[in-house]
Amino acid sequence: MDNRERILVVIPTYNEAENISRIIPAVLNSFDKADILVVDDDSPDGTPEIVQKEFGKNPRVNLIVRKGKKKGLGRAYVDGFKWAIEKGYGYVLEMDADFSHDPAEIPNFYKYLQEYDVVVGSRYLNGIRVLNWDLKRLIISQLGTLYARIVTGLKLTDMTGGFNGYRIEVLKAIDLDKIDSNGYAFQIELKFRAYVKGFKIKEIPIVFRERELGYSKMNRKIVFEAMIECIKLRIDKILGKI
Ligand SMILES: Nc1nc2c(ncn2[C@@H]2O[C@H](COP(=O)(O)OP(=O)(O)OP(=O)(O)O)[C@@H](O)[C@H]2O)c(=O)[nH]1
Ligand SMILES: [Mg+2]
């Protein structure tokens, strides 16, 4: 099958049993050019088994289970991107499993990817569109983006978001094995590497809704990792390593 006109929605999962059986049909129904790849880190709550049982016969739904220890969001995405390249997809979209990102936006990402290499879903473009966060979380997120902008020099309104589309050429041009970060750091690193390579980036407004089911895997370590990573990226760029 020719996948060049199709978009692969890569959904990393760790213990998303409450969300996965609803998010998959929501994505499939949102856009007929979208296929799904779930990249699961061997979730003990049965997430991969649900995908297998409920969608195993659907050719638009694919699953990679990474056995053993939880390896983190960044590595899950890298495995997903390599799979997309191998299968000849023209476009890739990153999306969370927890309904924080609205599948109804997928056609809009696809539309902008006809013109731009990277389409960044921004919660903070021309206003704040975050639902059900307390003020503390919002301030941390805004400070995170501000810090990442200053340190890396890439001026996006949302540096840490995880709802982003990439043309496959971008993912082919980036040395995926060099990416060592996870969590928020990973989202910053990928955007930054695309920017340094000169790809055209477009931000589009998205609404972010706090998850209602399951639990967050965000923690202090992930925030700290992102802060260090920004410095590393800036230095690597100055040294010409990126
Ligand atoms: N494969 C894999 N997926 C992960 C890992 N950590 C998180 N995820 C998935 O990545 C997505 C985002 O993680 P969340 O825990 O929702 O992180 P967040 O959106 O920053 O935090 P909340 O807003 O509190 O939900 C979800 O679909 C998670 O299941 C991991 O180590 N491996
Ligand atoms: Mg989430």
Side-chain angles (χ1 to χ4, degrees), residues 8-24 26-27 36-52 61-84 92-103 105-106 121-124 128-145 148 158-164 176 179-190 206-227 229:
L8 185 71
V9 180
V10 180
I11 307 179
T13 54
Y14 191 74
N15 287 349
E16 298 289 357
E18 291 104 322
N19 292 308
I20 197 69
S21 49
R22 289 188 306 125
I23 194 78
I24 289 176
V27 170
I36 296 176
L37 175 65
V38 175
V39 187
D40 187 86
D41 273 15
D42 211 4
S43 300
D45 76 343
T47 303
E49 289 79 9
I50 294 171
V51 177
Q52 195 58 46
V61 181
N62 307 278
L63 170 69
I64 295 178
V65 182
R66 306 181 331 138
K67 291 280 177 199
K69 208 173 132 264
K70 182 172 174 289
K71 296 183 192 74
L73 187 72
R75 298 316 306 170
Y77 269 128
V78 167
D79 282 1
F81 296 162
K82 287 181 177 171
W83 195 91
V92 172
L93 184 71
E94 301 177 324
M95 202 181 123
D96 290 355
D98 58 3
F99 284 90
S100 287
H101 304 144
D102 183 357
E105 289 295 335
I106 296 173
S122 173
R123 296 161 286 188
Y124 307 125
I128 298 172
R129 282 171 309 281
V130 179
L131 299 177
N132 292 343
W133 267 8
D134 59 18
L135 191 60
K136 188 176 151 210
R137 180 98 197 250
L138 180 65
I139 291 171
I140 291 174
S141 173
Q142 294 254 303
L143 286 176
T145 277
D158 193 339
M159 298 286 289
T160 58
F163 200 14
N164 309 302
L176 294 172
I179 296 185
D180 51 6
S181 56
N182 271 299
Y184 295 136
F186 172 78
Q187 298 300 355
I188 298 168
E189 179 169 4
L190 198 58
I206 55 145
V207 171
F208 182 96
R209 185 184 294 271
E210 180 54 13
R211 64 160 76 236
E212 281 168 15
L213 298 170
Y215 69 95
S216 171
K217 286 102 207 167
M218 220 256 302
N219 57 41
R220 257 176 220 197
K221 192 175 149 239
I222 290 175
V223 175
F224 190 66
E225 183 204 12
M227 292 175 74
E229 185 62 35

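As the structure lists them, so they are numbered: ligands from 1, and atoms in each ligand from 1. Keep in mind that the numbers below use all heavy atoms, side chains included, and drop hydrogens, waters and symmetry copies. For clarity, every value in this text was computed on a predicted model and none was experimentally measured.
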Ile106 to Leu93 - nearest heavy-atom pair and separation:
CG1-CD2, 3.7 Å
Shell check on the Mg ion (ligand 2): protein N, O or S atoms less than 2.8 Å away are Asp98 OD2
Can you tell me which portion of Ala76 lies within the under-4.0 Å heavy-atom range of ligand 1? Options are side chain, backbone, both, or neither.
side chain
In terms of atom number and element, which parts of ligand 1 are under 4.0 angstrom from non-hydrogen atoms of Glu16?
26 (C), 27 (O), 28 (C), 29 (O)
Identify the closest protein heavy atom to atom 11 (C) of ligand 1: which residue and atom is it, and at what distance?
Asp96 OD1, 3.5 Å
Donor-acceptor under 3.5 Å (Asn19 side chain, Leu213 main chain)
yes
What residue and atom, counting heavy atoms only, is the protein's closest point to atom 10 (O) of ligand 1, and at what distance?
Leu73 CD1, 3.1 Å
How far does CG of Asp98 sit from CG of Asn15, to the nearest 0.5 angstrom?
12.5 Å
Any idea which atoms of ligand 1 are less than 4.0 Å away from a heavy-atom of Thr13?
1 (N), 2 (C), 3 (N), 29 (O)
When rounded to the nearest 0.5 angstrom, what distance separates CG in Asp40 from OG1 in Thr47?
5.5 Å
With rounding to the nearest 0.5 Å, note down the distance linking CG in Asp158 to OG in Ser141.
6.0 Å
Please round to the nearest 0.5 Å and tell me the distance separating atom CZ of Phe186 and atom CD of Glu94.
5.5 Å
for atom 22 (P) of ligand 1, nearest protein heavy atom and its distance come out as Ser216 OG, 3.5 Å
Evaluate whether atom CD of Glu210 has more than 12 neighbouring non-hydrogen atoms of other residues, nucleotides or ligands under 6.0 angstrom away.
yes
Heteroatom proximity flag, Tyr215 to ligand 1, N/O under 3.5 Å:
no
Counting N and O atoms only, with roles assigned by atom type, does the side chain of Thr145 sit under 3.5 Å from a partner on the main chain of Met159, one being a donor and the other an acceptor?
yes
Applying a strict 4.0 Å limit to heavy atoms, is Ser100 in contact with ligand 1?
no
List ligand 1 atoms under 4.0 Å from Asp98, heavy atoms only on the residue side.
16 (O), 19 (O), 25 (O)
Can you find an N or O of Val39 that's nearer than 3.5 Å to an N or O of ligand 1?
yes
Measuring from Ile139:CD1 to Asp134:CG, what's the distance to the nearest 0.5 Å?
9.0 Å
Atoms in ligand 1 flagged as close to Ala97, the criterion being non-hydrogen separation under 4.0 Å
27 (O)
Would one find more than 12 heavy atoms of other residues, nucleotides or ligands at under 6.0 Å from atom CZ of Arg211?
yes
Under the rule for side chain to side chain contact (heavy atoms under 4.5 Å, CB included), what residues qualify as partners of Gln52, not counting sequence neighbours?
Leu63
Suppose we measure from atom 9 (C) of ligand 1 to each protein heavy atom; which comes out shortest, and what is that distance?
Pro12 O, 3.3 Å
For ligand 1, indicate whether the residue Glu210 contacts it via side chain, backbone, both or neither (heavy-atom separation under 4.0 Å).
side chain
Check: Arg66 N/O within less than 3.5 Å of ligand 1 N/O:
no
Among all protein heavy atoms, pick the one closest to atom 32 (N) of ligand 1 and tell me residue, atom and distance.
Asp41 OD2, 3.0 Å
With heavy atoms under 4.0 Å as the rule, classify the contact between Ile11 and ligand 1 as side chain, backbone, both or neither.
neither
Option whose closest heavy atom lies nearest to atom 18 (P) of ligand 1, chosen from Gln187, Glu212, Glu94, Arg137:
Arg137
Please evaluate residues Glu189 and Ser181 with respect to the criterion side-chain hydrogen bond (donor to acceptor under 3.5 Å, both in side chains), reporting the C-alpha separation (whole Å), side-chain torsions for both, the decisive distance (0.1 Å), and the verdict.
CA-CA 7 Å; Glu189 179 169 4; Ser181 56; 2.5 Å; yes
Pairs of donor and acceptor atoms involving the side chains of residues 219-227, under 3.5 Å and at least two apart or interchain, shall be tabulated with distances.
unit_1: Asn219; atom_1: OD1; unit_2: Lys221; atom_2: N; d: 3.1
unit_1: Asn219; atom_1: OD1; unit_2: Ile222; atom_2: N; d: 2.9
unit_1: Glu225; atom_1: OE2; unit_2: Asn182; atom_2: N; d: 2.8

Between Lys217 and Glu16, is there a salt bridge with N-O shorter than 4.0 Å?
yes
Partners of Phe163 by ring-ring contact (aromatic ring centres under 6.0 Å, His included), sequence neighbours excluded?
His101, Phe109
Numbering as shown, the atoms of ligand 1 that approach Arg211 to under 4.0 Å (heavy-atom distance)
14 (P), 15 (O), 16 (O), 25 (O)
If you count the atoms of ligand 1 from 1 in the order shown, which ones are under 4.0 Å from a heavy atom of Lys70?
6 (N), 30 (C), 31 (O)
Is ligand 1 under 4.0 Å from a heavy atom in the side chain of Lys217, in the backbone, in both, or in neither?
both
Which residue and non-hydrogen atom of the protein lie closest to atom 20 (O) of ligand 1, and at what distance in Å?
Tyr184 OH, 3.3 Å
Exactly one of Lys71, Lys70, Arg66 clears salt bridge (charged side-chain N to carboxylate O under 4.0 Å, His left out) with Asp41, and that residue is Arg66
